[in-house]
**Q** 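The structure that follows is given in the form of structure tokens.
No hydrogens, no waters, no symmetry mates; every other heavy atom, side chains included, goes into these values. All residue numbers refer to positions in the sequence shown, counting from 1.
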Amino acid sequence: MGALLDTLFPPECAACRAPTDSAHGLCSECWADTAFISGPVCDSCGVPVAAASPAETLRCDGCLARPPAWDRGRAAVLYDGRAREVILRLKHRDRLDLAAVLARWLARAGGGLLAEADLLAPVPLHWTRLLHRRANQAAELIRQPPLRRYARPVPGLLERQRATQTLKGKNRTERAQILAGSIRVASRHAAAVAGKRVLLVDDVMTTGATLSACAEALRGAGAAGVDVLVIARVAKDQFAPI
């Protein structure tokens, strides 16, 4: 069956659509242009940092100055190069088939967090934005086998109470003000959160304001711990200052 599918639908690169050996992988050129995060990272946001000792728990300057509302965070890649193109295909071009390969990236980057999670929750979309996009890409990610085999996925755990203006171009403080009080735990899932460790999943972390709003809602509902796992981390020099 696999051979037949490969004949009918030849495997292609997830970024540039060049022929590849396996479906939804990356060709050698796109692989070289994808900044997978490895080595020492900030334990809070997953951005690469310098380390004096491999066993040291590290925090970047931003997280030391302004700790996020969650406990630990990891990212698979930097939001640049071919990785950015793959994420945009998933997010805005109805390429939900790419969720499979991106979930593998997430599992590789966040295996430790996944192993300790009780629940997997996507960052929610307001229904008006969901209607426009037709799917919540974060919810599609937690449904994939590489993630759901670790913990129970709950796509509707969080919900947006109101539509908010775009966060593009806003700094961390402005984003926090826009998002204040906009996210809550769905009443039908409130009992499931109490005492549980929740892993928030999203596509991209910029300042972390949206993830912080989600984490605050989960803590308010009694979550024992909240971690975050994203496909891509925007480098600190790519977004507006605090």
Side-chain angles (χ1 to χ4, degrees), residues 68-76 87 90-107 110 113-167 175-176 178-206 208-232:
W70 63 84
D71 299 315
R72 299 169 296 172
R74 294 293 184 272
I87 293 168
L90 170 72
K91 193 169 184 176
H92 297 299
R93 302 179 197 172
D94 292 335
R95 289 294 306 276
L96 297 183
D97 56 302
L98 296 178
V101 65
L102 294 174
R104 292 199 295 271
W105 293 7
L106 287 171
L113 303 185
L114 285 161
E116 296 181 22
D118 298 305
L119 305 174
L120 302 178
V123 169
L125 294 177
H126 189 260
W127 70 266
T128 54
R129 187 163 295 178
L130 183 60
L131 188 64
H132 175 70
R133 288 191 187 171
R134 296 190 286 186
N136 179 348
Q137 67 281 354
E140 295 301 319
L141 289 168
I142 68 169
R143 292 187 176 103
Q144 300 301 314
L147 302 189
R148 74 182 186 205
R149 71 185 181 88
Y150 284 95
R152 175 190 167 201
V154 188
L157 185 62
L158 294 166
E159 58 188 17
R160 298 246 185 183
Q161 300 186 77
R162 66 174 191 276
T164 54
Q165 62 179 284
T166 180
L167 301 180
R175 289 173 180 233
I178 291 169
L179 290 165
S182 66
I183 297 174
R184 68 183 178 189
V185 173
S187 58
R188 66 185 182 280
H189 293 306
V193 172
K196 297 295 194 300
R197 188 157 204 98
V198 182
L199 181 60
L200 283 167
V201 176
D202 203 8
D203 53 358
V204 180
M205 183 195 305
T206 304
T210 302
L211 289 160
S212 282
C214 292
E216 289 167 359
L218 290 166
R219 292 196 188 282
V226 181
D227 298 320
V228 304
L229 179 59
V230 298
I231 302 168

**Q** Are any non-hydrogen side-chain atoms of Val228 and Leu113 less than 4.5 angstrom apart?
**A** no

**Q** Given 3.5 Å as the limit, does a donor-acceptor pair link the side chain of Asn136 with the main chain of Val123, or not?
**A** yes

**Q** Going by heavy atoms in the side chains, are Trp70 and Leu211 under 4.5 Å from each other?
**A** yes

**Q** Taking only residues two or more places apart in sequence or in another chain, which ones pass side chain to side chain donor-acceptor pair (under 3.5 Å) with Gln144?
**A** none

**Q** What pairs meet the side-chain hydrogen bond (donor to acceptor under 3.5 Å, both in side chains) rule with one or both residues in residues 215-227, with sequence neighbours excluded?
**A** Asp71-Arg219, Arg72-Asp227, Arg197-Asp227

**Q** For the residue pair Ala103 and Pro146, what are the closest heavy atoms and their distance?
**A** O-CB, 3.9 Å

**Q** Report yes if the side chains of Ile183 and Pro124 come closer than 4.5 Å at any heavy-atom pair, otherwise no.
**A** yes

**Q** Just do the side-chain contact (heavy atoms from CB on, under 4.5 Å) check on Leu199 and Leu119 with the steps written out, would you?
**A** CA-CA 6 Å; Leu199 181 60; Leu119 305 174; over 6 Å; no

**Q** Identify, with sequence neighbours excluded, every residue that meets side-chain contact (heavy atoms from CB on, under 4.5 Å) alongside Ala223.
**A** Val193, Val198, Leu218, Val226

**Q** After noting the C-alpha distance and the side-chain angles of Val185 and Leu158, does the key distance pass the side-chain contact (heavy atoms from CB on, under 4.5 Å) rule?
**A** CA-CA 5 Å; Val185 173; Leu158 294 166; 3.8 Å; yes

**Q** Could I get the full list of side-chain contact (heavy atoms from CB on, under 4.5 Å) partners for Ala232, not counting sequence neighbours?
**A** Val77, Tyr79, Ile87, Val204

**Q** Just how far is it from atom CG of Asp203 to atom CG of Leu141, taken to the nearest 0.5 Å?
**A** 7.5 Å

**Q** Once side-chain contact (heavy atoms from CB on, under 4.5 Å) is applied, do any residues pair with Ala186, and if so which ones, sequence neighbours excluded?
**A** Glu159, Arg188, His189

**Q** My understanding is that only residues two or more places apart in sequence, or in another chain, count here; which of them pass side chain to side chain donor-acceptor pair (under 3.5 Å) with Arg143?
**A** Glu140

**Q** Looking only at heavy atoms, what is the nearest atom pair of Pro122 and Pro155, with distance?
**A** CG-O, 3.2 Å

**Q** Indicate the atoms forming the closest heavy-atom contact of Ala99 with Leu90, along with that distance.
**A** N-CD1, 4.0 Å

**Q** Hey, could you give me the CG/CZ distance between Leu125 and Arg160, rounded to the nearest 0.5 Å?
**A** 6.5 Å

**Q** With Leu114, which of Val201, Leu106, Leu120 fulfils side chain to side chain contact (heavy atoms under 4.5 Å, CB included)?
**A** Leu120

